[in-house]
Amino acid sequence: MNFFKVFHSNLSDIVTKLGEAGDLPEGLDTSRITCEPPRDATHGDVATNAAMVLCKQAKMKPRDLAEKLAPEIEKIAHVVSVEVAGPGFINVKLSDEFWHARLKDVLNAGTDWGQSDMGEGQTVNVEYVSANPTGPMHVGHGRGAVVGDALALLLAKAGYKVTKEYYINDAGAQVDVLARSVYLRYREAFGETVEIPEGLYPGDYLVPVGEKLKDVHGDKWLNADEADYLEEIKTFSINAMMDLIREDLAALGVVHDVFSSEKELVDNGGVEAALKYLEDRDLIYTGVLEPPKGKTSEDWEPRPQLLFKASQFGDDVDRPLKKSDGSGTYFASDIAYHFDKFQRGSDQLIDVLGADHGGYVKRMKAAVKAMSEGKAELDVKLAQMVNLLENGEPVKMSKRAGTFITLREVIDKVGKDVVRFIMLTRKNDAQLEFDFAKVTEQSKDNPVFYVQYAHARCYSVFRKAMDEFDGIDLSEANLATADLSHLSDESEIKLMRLMAEWPRLIEAAAKEHEPHRITYFLYDLASEFHSLWNKGTGDVSLRFLHADNLELTKARLALLKAVSLVIASGLLVLGVEPVKELR
RNA sequence: GACCCCGUAGCUCAGCAGGAUAGAGCAACGGAUUCCUAAUCCGUAGGUCGGAGGUUCGAAUCCUCUCGGGGUCGCCA
């Protein structure tokens with residue numbers, strides 16, 4: 001439970017009560033009041049801006065208002081002191097017992113600690129990866145995959161009903177190119193020497209697809225016209241590529257709930273339906289676009305085309321729905337796809353895309369606004385580039401030279417947990433450096449290791465405790481019965497406070513759609529824990545295990561258990577497995 | 001030309017839902033190991049948050065303008 005929320009509601013009650021008693025005007029708007037951890041810990045445990053926010057309405061000076069609120073706040077359970085500071089902040093200090101109670105909450109909740117009902121069961125559709133089915137995934141896709149997956153897990157933890165979705169772009173020109181490329185590999189499988197011309201996909205990964213095609217269908221297409229084989233080979237190839245991609249995703253621990261096919265959508269008339277919907281609302285017309293400025297485009301010629309009135313919904317210009325050959329643009333089918341997602345009952349839509357799609361965001365948001373009549377909201381997270389490094393030197397990659405590094409190779413080299421964690425050590429829209437040497441290093445420079453090490457350290461103490469205390473019961477239930485009043489050192493309190501803030505962090509991160517905050521939180525928690533551990537090197541009384549004091553030991557173990565649970569809980573949201581031992 | 005992202009310590013980056021004296025890590029310097037893994041920790045130093053206005057009791061955070069870096073810009077997805 002997010003105790004800041006509880007505090008907020010206590011505070012609202014106080015304002016109401018004072019209003020009824022005539023000490024304050026009645027019916028003050030308390031919605032802008034915030035209760036949060038003060039930046040500076042010496043200011044206490046909870047800081048509220050209540051007095052500053054209410055002063056205008058109450059027609060009082062903020063500090064006077066604060067002084068009025070303070071005695072009431074002091075009556076709230078576990079509040080040990082209330083102080084008015086600065087321009088009118090009210091700083092509240094909570095008792096150690098309060099933190100002890102939160103520690104018990106953690107033990108009782110286990111890795112469910114942090115689970116929130118903020119989402120109120122609202123439905124969110126997170127679309128991510130959606131790599132074209134034309135080849136194996138590269139590292140950039142991997143970032144989108146991790147960001148999307150972690151975001152989905154995060155939203156689920158915050159109480160949303162989440163659908164994880166993959167959109168298969170199996171209807172455009174690219175899959176025709178794929179089919180033609182595979183056809184050449186098919187001929188190659190019969191012993192022919194082929195050269196992959198410019199414009200087709202040269203990758204080796206299509207060789208086995210050509211061979212399999214031969215195995216399944218024999219030589220029936222060797223001398224056939226393209227029109228006879230293209231569709232069948234296309235379907236065959238797309239399936240093969242999707243198998244490949246699904247394997248890559250599985251290796252990364254990413255599992256989608258729904259795979260949607262663009263082709264199916266088109267075949268089922270989804271695009272027409274969506275365009276009809278827009279047409280009925282007079283949002284489509286035939287017009288001529290201005291040529292793009294500042295960029296020399298020789299082959300540009302003004303041409304009337306079917307346009308969506310995107311500019312009515314915040315886009316800069318209206319956007320084309322049909323190509324010059326009359327077929328639909330990608331945008332047209334994407335409108336249909338988002339329409340479909342909305343109609344399937346999503347209150348919120350999230351797309352995780354590569355940063356190169358940045359120019360696409362406005363028009364898609366406009367489309368969603370139009371298609372949902374403002375009811376659904378689309379948020380687009382752009383996953384920026386990943387730069388692969390080896391000891392600080394950029395890894396040179398070239399498709400031609402065959403030195404292109406796939407996502408799978410990276411996963412196989414460093415493990416999925418490392419990939420997932422590192423991908424979330426930057427916010428999604430900042431470029432990310434992925435250094436093979438650094439991410440596998442066992443030192444504090446490596447955040448994955450640093451956090452995992454903290455978790456492993458907890459377990460190292462558990463093992464030692466089992467040994468020294470003759471198989472002591474380390475279950476949460478038993479540890480929760482410990483006399484926690486033994487936990488009073490500053491570092492111990494800090495740890496408990498951090499863990500108590502975990503639910504609030506989940507809610508904030510979920511609200512902002514920023515899973516990377518989890519990694520930073522875990523780093524902080526690990527840091528606080530390492531710090532306490534090291535205090536024990538100088539001050540023996542702060543060590544966790546005391547052969548002569550079972551009660552103290554039990555309390556310390558309860559703290560350790562909670563730390564390990566919160567770290568595990570956070571890693572779970574990242575899709576990373578907590579380790580109990582480091583080799 | 002328009003739009004999007006970025007600009008915070010020498011370097012790499014956080015900055016929580018507008019809050020108080022802006023934080024970590026690296027690098028630099030000085031310390032801690034008879035002890036549950038020192039694979040770690042503690043301390044010192046380092047900043048006009050690119051710049052200028054505005055909104056606000058209060059701005060790194062929101063708005064406008066401006067400078068610098070990156071990206072995108074009908075008939076690719």
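Below, each value reflects all heavy atoms present in this structure, side chains not excepted, and no hydrogens, waters or symmetry copies. Predicted model, so just to flag it, every value in this text is computed and none were measured.
Across the C1' atoms, B:A20 and B:C63 are found 24 Å apart, a figure rounded to whole Å. B:G15 sits 14 Å from B:A9 when the C1' atoms are compared, rounded to a whole Å. Distance noted for atom C1' between B:G25 and B:U40: 15 Å (whole Å). Nucleotides B:G71 and B:U8 are separated by 22 Å at their C1' atoms, to the nearest Å. Rounded to whole Å, the P atom of B:U72 lies 28 Å from the corresponding atom of B:U61. Taking atom P on both nucleotides, B:U21 is separated from B:G30 by 34 Å, rounded to a whole Å. For the C1' atom pair drawn from B:A45 and B:C3, the interatomic distance equals 43 Å after rounding to whole Å. A gap of 38 Å separates the P atoms of B:G43 and B:G53, to the nearest Å.
Here A:His516 reaches the OP1 or OP2 of B:G15: one of its side-chain N or O atoms lies under 4.0 Å away. When the side-chain nitrogen and oxygen atoms of A:Lys427 are compared with OP1 and OP2 of B:C6, none of them lie within a distance under 4.0 Å.
Between the CZ atom of A:Phe434 and the C1' atom of B:U12 there is a distance of 16 Å, rounded to whole Å. Atoms CD1 (A:Ile168) and P (B:A77) sit 16 Å apart, rounded to a whole Å. Straight-line distance from the CD1 atom of A:Ile90 to the P atom of B:A20: 16 Å, rounded to whole Å. The separation between A:Asp351 atom CG and B:A77 atom P is 17 Å, rounded to whole Å. Whole-Å rounding puts the A:Leu306 CG to B:G74 P distance at 17 Å.
In this structure, A:His141 and A:His138 have parallel ring planes: the angle between them is below the 30° cut-off, well short of the 60° mark.
Under the side chain to side chain donor-acceptor pair (under 3.5 Å) test applied with A:Gln174, the options A:Asn169, A:Thr134, A:Asn132 reduce to a single match, A:Asn132.
Projected onto RNA chain B by closest heavy-atom contact, A:Phe544 and A:Lys56 fall at different nucleotides, the more 5' of which corresponds to A:Phe544. Summary of the strand contacts: A:Met118 and A:Tyr330 both lie near RNA chain B, and taking for each the nucleotide with the nearest heavy atom, the more 5' one is attributed to A:Met118.
No engagement by A:Arg63 is indicated, since no non-hydrogen atom pair under 4.0 Å with the nucleic acid exists. Using a 4.0 Å heavy-atom distance criterion, A:Ala465 is classed as making no nucleic acid contact. As judged by a 4.0 angstrom heavy-atom cut-off over every strand, A:Val53 is placed among the base-contacting residues. Using a 4.0 Å heavy-atom cutoff across all strands shown, A:Asp524 reaches no nucleic acid atom at all. A:Ala85 comes within contact range of at least one nucleobase, with a heavy-atom separation under 4.0 Å. A:Gly536 comes within 4.0 angstrom of a base, heavy atoms only. The residue A:Glu468 sits apart from the nucleic acid: no heavy atom pair falls under 4.0 Å. As judged by a 4.0 angstrom heavy-atom cut-off over every strand, A:Arg319 is placed among residues making no nucleic acid contact. Counting any heavy atom pair closer than 4.0 Å across all strands shown, A:Pro62 reaches no nucleic acid atom.
For residues 498-506 of chain A, proximity to RNA chain B is found at A:Arg504, defined as any non-hydrogen atom under 4.0 angstrom from a strand atom.
Ionic pairing of A:Lys93 and A:Glu83 is not present here: no N-O contact between side-chain nitrogen and carboxylate oxygen is shorter than 4.0 angstrom. Ion pairing between A:Lys234 and A:Asp176 holds under the 4.0 Å rule for side-chain N and carboxylate O. Salt-bridge annotation for A:Asp64 and A:Lys68: absent, with no side-chain N of the basic residue lying under 4.0 Å from a carboxylate O of the acidic one. A:Lys341 and A:Asp351 are joined by a salt bridge, as a carboxylate oxygen and a charged side-chain nitrogen come within less than 4.0 angstrom of each other. Of the charged side-chain nitrogens involved, at least one lies within less than 4.0 Å of a carboxylate oxygen, so that A:Glu514 and A:Arg517 count as a salt-bridged pair.
With hydrogens and angles left out, the side chain of A:His357 and the base of B:A77 share a donor-acceptor pair within 3.5 Å.
For A:Phe89 and B:A20, the ring-to-base geometry satisfies the stacking test (centroid distance below 5.5 Å, interplanar angle below 30°).
The shortest distance between side-chain heavy atoms of A:Pro447 and A:Thr519 does not fall below 4.5 Å. The closest side-chain heavy-atom distance from A:Asp45 to A:Arg497 is below 4.5 Å. The shortest side-chain heavy-atom distance between A:Phe339 and A:Tyr337 does not fall under the 4.5 Å cut-off. Residues A:Val386 and A:Met423 meet the side-chain proximity criterion, which asks for heavy atoms closer than 4.5 Å.
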Exercise. For every nucleotide of nucleotides 39-46 of chain B, 5' to 3': is a protein heavy atom under 4.0 Å from its base (B), only from its sugar-phosphate (S), or from neither (-)?
Worked result: BBSS----
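Note that A:Lys444 lies outside the cation-pi zone of A:Phe449, set by a 6.0 Å cut-off to the ring centre and a 45° limit from the axis. In this structure, A:Arg319 is not positioned above the aromatic face of A:Phe331 in the sense of NZ or CZ being under 6.0 Å from the six-membered ring centre and within 45° of the axis.
Picking from B:C36, B:C13, B:A77 the nucleotide with the shortest atom distance to the side chain of A:Tyr520 gives B:C13.
Atom NZ of A:Lys5 sits in a crowded spot, with more than 12 heavy atoms from other residues, nucleotides or ligands closer than 6.0 Å.
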Extract from the structure each pairing of a protein N or O with an N or O of nucleotides 2-5 of chain B at less than 3.5 Å, listing the distance.
unit_1: B:C3; atom_1: O3'; unit_2: A:Lys362; atom_2: NZ; d: 3.0

